[in-house]
Amino acid sequence: MSEHHSDWCLRCGHNHRHGPTGDLSGAIPLFERTLSDTVRVMGEDHPDTLTARNNLACAYESARELNRAIPLFEQTLSDTVRVLSEDHPDTLTARNNLAYAYQSAGDLNRAIPLFEQTLSDTVRVLGEDHPDTLTARNNLACAYESAGDPSGAIPLFEQALSDTVRVMGEDHPDTLTARNNLAYAYHSAGDLSGAIPLFEQTVDARVLVLGETHPSTLTARNNLASAYQSAGDLNRAIPLFEKTLSDTVQVLGKAHPLTKAVRCAHVAACAQRVVDGPKMM
């Protein structure tokens, strides 16, 4: 389950099967050769060929080569439906992956119906409490929010958090992500009274579970500082931005996107304090 970040956003959701990680410049040629060899040896319809095509598409997408990723995801979904059936778990994964690629390309008109179908099918095939169902609900909520539909997104985020707590437990990483996503949705909708306590709880839990300097903890701290700033509470926002910026530079480096986002947010908060002037007691 992926998450929202304030200013720096890794959009919600892959549930990739055997997705690529690591050095993509070295991995992509290997994935390309694997697909070519698997087609030649196993044939177009062998399950290993479907997996190899999906993996190459994931690698292209991770490298932001969506013009190459999307046609492969489309073929993977078509072939998986034909070979394995509409309800096979690999078909559900293939549909989710294509929907996410469309969303990454900004094509929400094609992404949202696929996310909706994925959630409906996953509930029916795997059940309400399956981890893939929790992910599918989160992904659809993220797509609704990206489309500017908070009334559609927030109830799904609320259910995703409730279900994830019940199924995974309070301290599971997916629960921490679900809580962050709901807080971010509340923040985006202007509901700071709902957002701030959830962001505070997310920070506390991530410090406890992941540690002070884990990237997810840094992201949560940045999100909380942004919520304080939105509420006009610069006395809490600016010190939190300063601490987060110091930690992101140390842990992630000056050029990391999160570091840049925190730095920009800190500058904006300091500028806001100058414009607002000292507060009368």
Side-chain angles (χ1 to χ4, degrees), residues 1-14 19 21-24 62 64 100 104 134-135 138-139 141-142 145-146 157 160-161 164-165 168-189 191-192 194-273:
M1 185 180 291
S2 297
E3 69 180 312
H4 288 294
H5 306 273
S6 180
D7 301 316
W8 176 58
C9 192
L10 295 176
R11 296 310 304 167
C12 290
H14 287 77
T21 59
D23 179 12
L24 289 172
S62 295
R64 308 303 301 168
Y100 189 90
S104 296
L134 306 182
T135 296
N138 177 76
N139 290 353
C142 291
E145 188 179 35
S146 294
F157 280 132
L161 175 57
T164 307
V165 167
M168 302 289 194
E170 282 283 352
D171 293 338
H172 191 278
D174 284 356
T175 301
L176 307 187
T177 295
R179 184 172 290 112
N180 177 81
N181 288 353
L182 176 58
Y184 190 94
Y186 284 154
H187 187 185
S188 298
D191 181 4
L192 294 171
I196 287 174
L198 286 178
F199 278 136
E200 290 173 335
Q201 189 176 354
T202 299
V203 170
D204 290 344
R206 286 188 171 172
V207 168
L208 180 64
V209 175
L210 302 175
E212 282 277 356
T213 58
H214 190 280
S216 293
T217 304
L218 301 179
T219 296
R221 190 175 288 123
N222 182 62
N223 289 351
L224 175 58
S226 295
Y228 286 153
Q229 181 185 3
S230 296
D233 189 352
L234 297 178
N235 289 331
R236 288 200 289 180
I238 289 175
L240 191 53
F241 277 133
E242 289 171 347
K243 177 173 174 52
T244 305
L245 179 58
S246 174
D247 289 345
T248 53
V249 169
Q250 181 179 355
V251 174
L252 301 175
K254 293 181 179 180
H256 192 277
L258 181 57
T259 304
K260 292 179 180 179
V262 177
R263 181 178 292 110
C264 289
H266 177 239
V267 169
C270 291
Q272 183 179 339
R273 169 174 279 175

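Here the structure is a predicted model, which is why all the values come from computation and not from measurement.
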So which atom in [X] and which in [Y] form the shortest heavy-atom distance, rounded to 0.1 Å?
| X | Y | result |
| --- | --- | --- |
| Phe157 | Ala185 | CD1-CB, 3.6 Å |
| Asn222 | Ala265 | OD1-CB, 4.4 Å |
| Ala183 | Ala195 | O-CB, 3.4 Å |
| Leu252 | Leu258 | CD1-CD2, 3.9 Å |
| Leu134 | Thr164 | CD1-OG1, 3.9 Å |
| Ile196 | Ala227 | CG1-CB, 3.7 Å |

[atom1]/[X] to [atom2]/[Y] distance, rounded to the nearest 0.5 angstrom?
| X | Y | atom1 | atom2 | value |
| --- | --- | --- | --- | --- |
| Phe241 | Cys270 | CZ | SG | 9.0 Å |
| Leu224 | Arg206 | CG | CZ | 12.0 Å |
| Asn181 | Leu198 | CG | CG | 11.0 Å |
| Phe199 | Leu192 | CZ | CG | 9.5 Å |
| Leu161 | Asp174 | CG | CG | 11.5 Å |
| Tyr228 | Asn223 | OH | CG | 12.0 Å |

Chi angles and distances behind the side-chain contact (heavy atoms from CB on, under 4.5 Å) call for His266, Leu240: CA-CA 9 Å; His266 177 239; Leu240 191 53; over 6 Å; no
Between Ile238 and Arg273, does a side-chain contact (heavy atoms from CB on, under 4.5 Å) hold up when you go through it step by step? CA-CA 9 Å; Ile238 289 175; Arg273 169 174 279 175; 3.7 Å; yes
Considering only residues two or more places apart or on different chains, which pairs with a residue in residues 227-252 satisfy salt bridge (Lys or Arg N to Asp or Glu O under 4.0 Å)?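 As it turns out, the salt bridge (Lys or Arg N to Asp or Glu O under 4.0 Å) pairs with a partner in residues 227-252, which skip direct neighbours, are Glu200-Arg236, Arg221-Asp247, Asp233-Arg236, Lys243-Asp247.
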Once salt bridge (Lys or Arg N to Asp or Glu O under 4.0 Å) is applied, what residue pairs with a partner in residues 251-266 remain, sequence neighbours excluded?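 Qualifying pairs, neighbours excluded: none.
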Side chains of Gln272 and Leu234: does their closest heavy-atom pair fall under 4.5 Å? yes
Between Thr219 and Pro215, is there a donor-acceptor pair closer than 3.5 Å when you use the side chain of the first and the backbone of the second? yes
Keeping the roles fixed (side chain from Thr217, backbone from Glu212), state whether a donor-acceptor pair exists under 3.5 Å. no
Donor-acceptor side-chain pairing of Ser230 and His187 below 3.5 angstrom: yes
